[in-house]
Number of protein chains: 2
Amino acid sequence: MAIKYAILGLLHYQDMHGYRIMKHIQRNFGHMWTINYGQISRSLKDMEKEGLVSMQDVVPSDDGGPHKKLYSITPKGREEFARWLASFPDKGMLIRDPFLLRFVFFGFGERDQALKIIDEQIRIYEEQLERRKKNIAHWSGYPDYVRLTAELGLQFNRTYVNWLKRARKEIADGREEKGKKGKEKE
Amino acid sequence: MAIKYAILGLLHYQDMHGYRIMKHIQRNFGHMWTINYGQISRSLKDMEKEGLVSMQDVVPSDDGGPHKKLYSITPKGREEFARWLASFPDKGMLIRDPFLLRFVFFGFGERDQALKIIDEQIRIYEEQLERRKKNIAHWSGYPDYVRLTAELGLQFNRTYVNWLKRARKEIADGREEKGKKGKEKE
DNA sequence: GGATAACTATGTATAAAGTATATACTAATA
DNA sequence: TATTAGTATATACTTTATACATAGTTATCC
């Protein structure tokens, strides 16, 4: 359960409640992790049962805000996190890109439709790239591990956008019509 | 169910059995999709029920080899695939890297242990890069969509290895000790 | 020739992750 | 004062991923 360790790691910085953990992961780990509240909610409940975190109810009367559940990491949680951190990753990178899966098969469809989808993909990833460029400056004073991770996200984003634009151009220029269309390698 | 469309796409090229589909995805789509046999096996069974593929048992006496189940795409399968191909991807790229998740938290552990894990990661991805460099030449005559996708895989691999090496150097030089260790941004 | 390791081939049970949907309160804004 | 965006949580359901189990084939090593 990898989400578990992401949560335990974040709770090293400070106590948090579920929604804030989700927002943190979305904002700062977005290039290597996607998450939604349902997963956080379930994980926190399980982890409390396991004794890795402890929960404190923050009722509206306490701070004037909405009902929250504030989670802290326990000594047991710190132990398990440290063990995990020092262990070698057992699995490799997991990638799923619904766009690329289409892209590789675009030879079986209409070129104009393919170009439309590619253009939309360029729009999305250029926007993301601009957001990340703006954000990266804020990381300059932070620990190397965190800053370096953000920089990798930016580099992947840049590589992807450049590739998309080059691919779009090659396809628009009609080069795919000359290839051995429909053939595939083993 | 995205796996379904990967399978339907591959069956456009030729009839295949499950193990071969898995190997194909691992070898050629590894940078955009990860998969294991369990998923293929169940997907094919479901897809046969749905009428998207048809199955033909190849018993040992037929070809001397082991028992196989040869799958073909049906007209209904082609229709559904075409519909999917022309649709806009509803979800973005998903990346989950057990190494990067550790990396971002290495500030909470021992630097020497971190360096060991980083070195192992460099070894793994340099090996993968060499394999891909060798493979890419074989794609030169193939349709643009397929070749371009393979090229992106190579570029991502290269970006990752370069980043790993730079990160390793920065960390080995001890720069992470000077940072605001343990602090984290919101 | 026989062991053994690596590869081909499949299947099922279980665990983990991801999505859809629901509720409710707060803050901003038009 | 509506309405929208944002904060906050929870559960049911679906899809995806892993672990384990089986069995035959091919290659290699002694």
Side-chain angles (χ1 to χ4, degrees), chain A residues 1-7 15-27 29-30 32-50 55-71 89-98 101 186, chain B residues 1-7 15-27 29-30 32-50 55-71 89-98 101 186:
Chain A
M1 241 210 305
I3 295 163
K4 187 162 96 171
Y5 297 104
I7 293 172
D15 297 349
M16 294 190 201
H17 60 270
Y19 186 77
R20 199 168 165 201
I21 291 170
M22 178 191 62
K23 280 293 164 191
H24 192 105
I25 294 175
Q26 281 178 351
R27 279 183 202 135
F29 296 177
M32 63 177 204
W33 217 265
T34 44
I35 205 131
N36 67 73
Y37 187 75
Q39 293 168 262
I40 303 280
S41 177
R42 199 164 8 85
S43 297
L44 283 170
K45 222 172 73 179
D46 294 349
M47 287 160 76
E48 206 202 344
K49 255 185 225 158
E50 283 184 80
M55 189 268 278
Q56 184 201 342
D57 249 298
V58 179
V59 287
S61 54
D62 288 352
D63 67 347
H67 175 238
K68 294 175 191 176
K69 288 185 170 182
L70 195 66
Y71 289 91
D90 47 335
K91 293 164 212 160
M93 200 187 281
L94 183 86
I95 303 176
R96 273 192 352 247
D97 189 337
L101 188 64
E186 276 313 299
Chain B
M1 241 211 306
I3 295 163
K4 188 161 97 173
Y5 298 104
I7 294 172
D15 297 349
M16 293 190 200
H17 60 271
Y19 186 78
R20 199 169 166 202
I21 290 170
M22 178 191 60
K23 281 291 163 192
H24 191 105
I25 293 175
Q26 282 178 350
R27 278 182 204 136
F29 296 178
M32 63 179 204
W33 218 265
T34 43
I35 204 134
N36 67 73
Y37 187 77
Q39 295 168 260
I40 303 281
S41 179
R42 202 167 7 83
S43 297
L44 284 170
K45 221 171 73 179
D46 294 349
M47 287 161 76
E48 206 201 343
K49 255 184 228 160
E50 282 183 79
M55 191 267 280
Q56 183 200 343
D57 249 298
V58 180
V59 288
S61 55
D62 288 352
D63 66 349
H67 174 239
K68 293 175 194 176
K69 288 183 168 181
L70 196 66
Y71 290 90
D90 47 335
K91 291 165 212 161
M93 193 191 286
L94 178 87
I95 301 178
R96 272 197 347 252
D97 189 339
L101 188 63
E186 277 313 299

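Side-chain atoms are counted along with the backbone in the values below, which use heavy atoms only and exclude waters and symmetry mates. We name chains A, B, ... by the order of the sequence lines, and we start the count at 1 in each one. In this text the structure is predicted, and so the values were computed from the model without any measurement.
- Applying the 4.0 Å criterion to OP1 and OP2 of dT10(C), one finds that Tyr19(B) has every side-chain N and O outside that range.
- OP1 or OP2 of dA10(D) has at least one side-chain nitrogen or oxygen of Ser41(A) nearer than 4.0 Å.
- Taking 4.0 angstrom as the limit, Gln39(B) places a side-chain polar atom (N or O) nearer than this to OP1 or OP2 of dA17(D).
- Using a 4.0 Å heavy-atom distance criterion, Gly38(B) is classed as a base contact.
- With rounding to the nearest 0.5 Å, the separation of CG in Leu44(A) from CE in Met16(A) is 11.0 Å.
- The separation between Ile3(B) atom CD1 and dT18(D) atom P is 11 Å, rounded to whole Å.
- In this structure, CG in Asp15(A) is found 9.5 Å from CZ in Arg20(A), a value given to the nearest 0.5 Å.
- A sub-4.0 Å separation between OP1 or OP2 of dT11(D) and a side-chain N or O of Lys45(A) is present.
- For the pair Leu101(B) CG and dA17(C) C1', the interatomic distance rounds to 14 Å; values are reported in whole Å.
- The distance from atom CD1 of Ile7(A) to atom P of dA16(C) is 14 Å, rounded to the nearest whole Å.
- For Lys23(B), taking side-chain heavy atoms from C-beta onward, the closest of the listed nucleotides dT8(C), dT19(C), dA8(D) is dT8(C).
- Heavy atoms of Leu94(B) sit under 4.0 angstrom from primed sugar atoms or phosphate atoms, though from no base atom.
- With values rounded to the nearest 0.5 angstrom, Ile95(A) atom CD1 is found 13.5 Å from Phe29(B) atom CZ.
- Ranked by how close their nearest DNA chain C nucleotide is to the 5' end, His17(B) and Ser43(A) are led by His17(B).
- A donor-acceptor pair is defined here as one N or O able to donate and one able to accept, closer than 3.5 Å; such a pair exists between the side chain of Gln39(B) and the backbone of Asn36(B).
- The distance from atom CZ of Arg96(A) to atom C1' of dG18(C) is 8 Å, rounded to the nearest whole Å.
- The interatomic distance linking Tyr37(B) (OH) with dG24(D) (C1') rounds to 14 Å, in whole Å.
- The phosphate of dT15(D) (OP1 or OP2) has no side-chain N or O of Lys4(B) nearer than 4.0 angstrom.
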